[in-house]
Amino acid sequence: MASARSMATLRIARKKPAQLRLSKSVGKYAKQAPRNLNLSNSRRMNERLEKIRIPLKTIEYNRRSDEARLRRRVERSAEPVVGAGYRRPVRFVTVKAEKIPKTAVSVAKPKVNRHGHGHRETPKVSVLERSASLKAIPYTSRNSVKSKIALHMSFESFGLLKPIQEAIISEALRGLSYIQPSAIQKIAIPPLLAPRNQKSDHPNSFLIASETGSGKTLAYLAPLLHHLKVEEQTENLANLRRSGSPRSIILVPSGELVSQISKLIKKMSHSAKISSFGVRRDMKHAVIIDNVLKKPIDVLVCTPHRLQSLITDGLRTSDVTHLVIDEADSLFDESFAPLVIPIIDRAIHLHRLVLCSATIPRALDSYLERYYPDIHRIVTPHLHAVPRRIQFEVIDATEGAYARRKENACLSCLREISNDKTEEGRVKRVMVFVNERTEAPKLAEWLKNKDQNAFAFTRDVDDRKDRMAEFLEDTSDDEKHGMKILVTTDLGSRGLDTINVKNVILFDTPHSSIDLLHRIGRTGRAGRRGRAFLIINNEKYGGSWVREIRNAVIRGQALI
Ligand SMILES: Nc1ncnc2c1ncn2[C@@H]1O[C@H](COP(=O)(O)OP(=O)(O)OP(=O)(O)O)[C@@H](O)[C@H]1O
């Protein structure tokens, strides 16, 4: 006999996509999707699937462009469905009928355009896809953190081991005239350093969330290195350091982040004496095997895909004691979750699990509420707000001079940046963000034809590592051009420490506040100033979302 819960589920399942007010294309995918897919290959995973899935319809989609569009459309109402065992992860989204926000429909009121014809200024889908995506954090809880921030004025005050303090001051932050911990470091390092609750079977789990460029990497890295060193003082080294069995793992979503973080750890290990290895895409398989499977490693930095294939090659992760999931909002989304969750499950001797992110999407928040109700949330007061040091400008491409072409508006921004009196004596670096990766080379080419030193940076680019290095580092060609322009997608918006980038242009309106914050966050890092231009084309996108964003930025409020 069917239980009350499954009957309720059945009723939802019988509703047609149209009744759920989903856009046509979402409905189309929903119709094609097989029901009740079972993706799991482990019992534990099955149990989770049972809990997480609202079996309305499982939507399957593979093509990346469709994927991105669809994902955003259902973002507000979607929860990741986890699964495992696929060579290439398939993305799955389960649509939750009751969660589609009412505002998503009610905001889209018919309006009369300036030609006198009735039309919807903001198409339904556009509003739906850009409706609230971020977890709302009450201002009372934000303000309560401020007193803790005032407590620690130096890295010496945390009780970190001397070699780790040395590694921070002389290596990680070398060159700064005045060194003090950033806000997130002040509030995250003390709880991350606290001894583990020995009585509990569960690892101590933490979510550390703060604005982009606020120093989250050091906030989790310093305590991690500290704990590894303390373990070395109290336990038998031969037991701790075994080939093919890393002591800690840092998971990140891209190869660029692997390079960035492993470079920082290498720097710090001069003082900290830690062995680390970052697994990059461009490395030969034999090199990876030699370093990861045949040598003991204290810190392994890796993407989930690489880790998965290393596990297939014989890497043991059951003895990992510290696991960091950087860019957790991305690594817990529907594309990475099927890989990441089994990695966490396999680490059965875990002491600490640290999730780190600049944004807390609602889907991540509800996932954590359900599966990590005891997670220690460490959040800075200005999370989800665009920092005041970043000047935010909205450029309307429908205005006369641009002839309704966003390319013209972008070129005009670039010329303005080139002629302003900032960054004198240095090459200017500008990042231009588009939504679809196929658009990046086209725009870069268009800009090149207008004498701009632009190049594309997407997953399709073969020499990605060189392109990024060329953009971030000084080269002999710099004087000739005076400005470097990187045209990229969200690949370039996650975690990259583009500290010398003063200007960011959002050529396309981002799909959500999450993407907007990450893209803008490539400038104004580590307390520096920056400028962000958002180019809009009202005809296509409608302005209500942009207006809300602009108002929130002016008031210094958190985005939703
Ligand atoms: N205490 C500090 N004082 C000054 N600069 C710092 C401090 N801590 C970190 N930084 C610098 O701030 C920059 C940004 O740090 P990091 O990349 O860790 O930011 P993040 O918060 O992880 O950003 P994102 O969310 O974009 O990944 C780096 O260049 C780093 O060297």
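Every number for a ligand or one of its atoms is a count from 1 in the order of the listing. Residue indices begin at 1 and follow the sequence shown.
Below 4.0 Å from some heavy atom of A526 lie the following atoms of ligand 1, by number and element: 11 (C), 12 (O), 13 (C). Contact atoms of ligand 1 toward G495: 26 (O), 27 (O) (distance under 4.0 Å to a heavy atom of the residue). Of all the atoms in ligand 1, the ones that sit under 4.0 Å from a non-hydrogen atom of S214 are 19 (O), 20 (P), 21 (O). Contact atoms of ligand 1 toward G213: 14 (C), 19 (O), 20 (P), 21 (O), 23 (O), 24 (P), 25 (O), 26 (O) (distance under 4.0 Å to a heavy atom of the residue). With ligand atoms numbered from 1 in the order given, ligand 1 contributes 29 (O) to contacts under 4.0 Å with heavy atoms of I499. The atoms of ligand 1 that sit less than 4.0 Å from any heavy atom of E327 are 27 (O). Residue S182 approaches ligand 1 through these ligand atoms, each under 4.0 Å from one of its heavy atoms: 1 (N). Close approach to Q180 involves these atoms of ligand 1, each under 4.0 Å from a residue heavy atom: 1 (N), 2 (C), 3 (N).
No salt bridge links E470 with R467; every basic N to acidic carboxylate O contact stays at or beyond 4.0 Å.
The 12-atom threshold is not exceeded at CZ of R529, counting heavy atoms of other residues, nucleotides or ligands nearer than 6.0 Å. No more than 12 heavy atoms of other residues, nucleotides or ligands shown are found within 6.0 angstrom of NZ on K267.
Remark: minimum distance from atom 7 (C) of ligand 1 to any protein heavy atom is reached at L173 CD2, 3.6 Å. When hydrogens are left out, the protein atom nearest atom 17 (O) of ligand 1 is R525 NH2, 3.1 Å; that is the closest non-hydrogen contact. Closest to atom 22 (O) of ligand 1 among all protein heavy atoms lies T217 OG1, 3.4 Å.
Contacts between I179 and ligand 1 below 4.0 angstrom, taking non-hydrogen atoms only, are absent altogether. At a heavy-atom distance under 4.0 Å, only side-chain atoms of A358, from C-beta outward, approach ligand 1. The backbone and the side chain of K216 each have at least one atom closer than 4.0 Å to an atom of ligand 1 (non-hydrogen atoms only).
Under a 4.0 angstrom heavy-atom cut-off, H518 registers as lying outside contact with ligand 1. Assignment of G521 to the shell around ligand 1 is not supported, since no heavy atom sits closer than 4.0 Å. Within the 4.0 Å heavy-atom shell around ligand 1 one does not find R494.
By the 30° and 60° cut-offs, the orientation of the rings of Y371 relative to Y367 is tilted.
Between L176 and ligand 1, a contact under 3.5 Å exists for no N or O pair.
Aromatic rings of H226 and F158 (six-membered ring for Trp) have centroids beyond the 6.0 Å cut-off, not under it. Annotation: H227 is in aromatic contact with H322 [ring centroid separation under 6.0 Å].
Although no hydrogens or angles enter the test, the distance criterion places no donor-acceptor pair under 3.5 Å between the side chain of D329 and the main chain of L364.
Of the listed options L218, L517, D497, I261, D497 places a heavy atom closest to atom 28 (C) of ligand 1.
Considering all non-hydrogen atoms of both residues, A558 and A552 come closest at O-CB, 4.5 Å.
A donor and an acceptor atom, one from each side chain of T359 and H384, are nowhere located under 3.5 Å apart.
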